[in-house]
Amino acid sequence: MSEPRAETPSFLDEVFDQLHVSDDVRTRLAQPRLALTVNIPVRMDDGTLQVFKGYRVQYDDTRGPTKGGIRFHPRVTLEEVTALGFWMTIKCAVAGLPFGGAKGGVAVDPKPLSRLELERLSRGYLRAIADIIGPERDIPAPDVYTNATIMGWMADEYYQIRRQQTPGVITGKPVHLGGSLGRTSATGRGALYVLQQWAQRRRLEPGDTRIAVQGFGNAGFHFARLAHEAGFRIVALADSGGAIYAEDGLDPALIMRHKLNRRELKAMLYCDASVCEEAEHEEISNAQLLELDVEVLALAALEDQITADNAGRVRAAQVLEIANGPVDAAGDRLLAQRGIPVLPDVLVNAGGVVVSHFEWVQNRGGEYWDEARVNDRLKNVMEREAGRVFELADEQNCTLRSAAYRHGVARIAGAMHDQGTREYFQDAIKGTNVE
Ligand code: NAD
């Protein structure tokens, strides 16, 4: 089998050239340091045995233990997990966290599983990867279709294997099991802080800023709720069941309450009721939502939503990437040509991993912070790093994505250069003084 490689973005070469990084950095970032494939046997409720494929990829750990979520989704593949691990490496560096990047996943549709089956699968996956994770080594967290409950089961399984309580092994845990206050809403909140920084620079008034949000899960819901509270106008929302539109604005918290009420039994783990079941608004298709005339298109579902096929029809004035990779490379080029700025995922959705870092710090220190402290610190980090990325884009006349990568890669390259590169060792061989 060929080595899994992240399909590195086409502009990455330009980023490397611009930063004058050593070829060693390119070589090391071209492939993951570790990619594990596991088969997880799970006893189903009807007595049959099913085997699920799972993956854990630790992409790069030069800047610290690797960090990245676990996704339960039928389309999970080693290639996807590898690409997501690469993005995590960049994201942790963009946010200035002392972490490298990783990702994990299981190819499964979790929705039809019973809670007991889901618990057995979660514990089985953790057992399969237990040897390569740890608070000082690789620290998982939730991602698509995994949540705090699942992280709690996985942490418990790890403690049973190690025979010790090491809550820093996994973040995004329930608060009563060592999770951090503010973690659940951190990705959406962080995205809002980035948008607010951007709005200030562009003199966008929240009340005049219409936002369409694709994805109404953890990231999309909290972003929409908090943006609404901050005075922005959420005019459209979509989940996998469909989309709704209201020119005067929607109240995301109210819509979530209705959505949960419809499926009380399943609401704790997954909410299957679609936002489309709401009245008092126009029902539109998911494709239409992407092409609405709005100030901000916030993408908080899955990857590859804006591609060469539909980028030409996007009418939003700017795109906010809350999901990982929602705009593909061709879509990105087309949006850039059309002068539509894309606020990139590696910056916009970093709030989740920033508060995961806070959780890891609290777990290791054994002292817990109140929510105001978490949110304050999150705000500081997001504003500082977003400001730096926006300045870089202005100074170097490049896209925001390119600026974010320059910012992150400069930190990773700095760490790799400090370990010694080919140039350093060749100089030493030639007899140059070693400093
Ligand atoms: P989630 O499972 O909680 O929610 C996903 C949402 O997307 C659901 O509302 C689902 O109905 C919707 N969806 C799925 N397919 C859709 C489609 N075709 N059209 C419209 N909606 C669709 O997942 P999440 O945790 O919110 O993650 C969403 C994205 O954000 C992912 O790309 C994830 O990697 C990224 N992300 C999440 C976090 C986090 O802390 N949760 C952190 C960083 C990045």
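Ligands are counted one by one from 1 in listed order, and the atoms in each one are counted from 1 as well.
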Looking only at non-hydrogen atoms, the one of T187, T146, D239, T171 nearest atom 39 (C) of ligand 1 is T187
Pair E391, R388 - check salt bridge (Lys or Arg N to Asp or Glu O under 4.0 Å), show working. CA-CA 5 Å; E391 276 160 24; R388 189 69 202 113; 3.3 Å; yes
For atom 18 (N) of ligand 1, what's the nearest protein heavy-atom neighbour? Residue, atom name and distance, please. Q305 OE1, 4.3 Å
A300 to ligand 1, any heavy atom closer than 4.0 Å: yes
Salt-bridge test for D345 and R401: reply yes if a basic N is under 4.0 Å from a carboxylate O, no otherwise. yes
Is the NZ or CZ atom of R120 positioned over W153's six-membered ring, under 6.0 angstrom from the centre and within 45° of the axis? no
R33 and D61 ion-paired at < 4.0 Å: yes
Would you call K103 and E80 a salt bridge, using N to O less than 4.0 angstrom? no
N or O contact, G217 vs ligand 1, cut-off under 3.5 Å: yes
Kindly determine whether I129 and L36 satisfy side-chain contact (heavy atoms from CB on, under 4.5 Å), including the steps that lead there. CA-CA 8 Å; I129 65 161; L36 178 69; 4.1 Å; yes
From G188, S185, G241, S240 - option closest to atom 22 (C) of ligand 1 by heavy atom: S240
R183 near ligand 1, heavy-atom distance under 4.0 Å? yes
Tell me which part of R71 gets within contact of ligand 1: side chain, backbone, both or neither, using heavy atoms under 4.0 Å. side chain
Quick check on contacts: which atoms of ligand 1 are under 4.0 angstrom from a heavy atom of N286? 19 (N), 20 (C)
By number and element, which atoms of ligand 1 are closer than 4.0 Å to a non-hydrogen atom of A301? 7 (O), 13 (N), 21 (N), 22 (C), 28 (C), 29 (C), 31 (C), 32 (O)
Quick one: does any side-chain atom of E383 pair with a main-chain N or O of N380 as donor and acceptor, under 3.5 Å? no
Any N or O of K103 that comes nearer than 3.5 Å to an N or O of ligand 1? no
At their closest point, which heavy atom of A230 faces which heavy atom of Q196, and how far apart are they? CB-NE2, 3.7 Å
Quick one: does ligand 1 sit under 4.0 Å from the side chain of N218, the backbone, both or neither, non-hydrogen atoms only? both
State whether W198 and R201 meet the cation-pi test: NZ (Lys) or CZ (Arg) under 6.0 Å from the six-membered ring centroid, and within 45° of the perpendicular axis. no
Looking only at protein heavy atoms, what sits closest to atom 23 (O) of ligand 1 is V144 CA, 3.9 Å
Hey, are E229 and R225 close enough for a salt bridge, meaning a charged N less than 4.0 Å from a carboxylate O? yes
Is it the side chain, the backbone, both or neither of V353 that has a heavy atom closer than 4.0 Å to ligand 1? neither
Ligand 1 atoms nearer than 4.0 angstrom to some heavy atom of A323 are 29 (C), 30 (O), 32 (O), 35 (C)
R28 vs T62, test: side chain to side chain donor-acceptor pair (under 3.5 Å). Steps then yes/no. CA-CA 10 Å; R28 283 177 64 177; T62 315; 3.1 Å; yes
Looking only at protein heavy atoms, identify the closest one to atom 26 (O) of ligand 1 and say how far it is in Å. A219 N, 2.8 Å
Could you check atom 32 (O) of ligand 1 against the protein and tell me its nearest heavy-atom contact, residue, atom and distance included? N324 N, 3.0 Å
Which atoms of ligand 1 sit under 4.0 Å from any heavy atom of D143? 33 (C), 34 (O)
Could you tell me, atom by atom, which parts of ligand 1 come under 4.0 Å of a heavy atom of N349? 43 (C), 44 (C)
Under 3.5 Å, N or O to N or O, is G220 touching ligand 1 that way? no
Below 3.5 angstrom, do we get any N/O pair linking L302 and ligand 1? no
Between R233 and E295, does the salt bridge (Lys or Arg N to Asp or Glu O under 4.0 Å) criterion hold? Intermediate values first, please. CA-CA 10 Å; R233 252 165 73 202; E295 279 65 46; over 6 Å; no
Checking the side chain of Q214 only, and the main-chain atoms of N286 only, is there a donor and an acceptor separated by less than 3.5 Å? no
Number the atoms of ligand 1 from 1 as they appear, then name those within less than 4.0 Å of a heavy atom of Y145, with their elements. 2 (O), 10 (C)
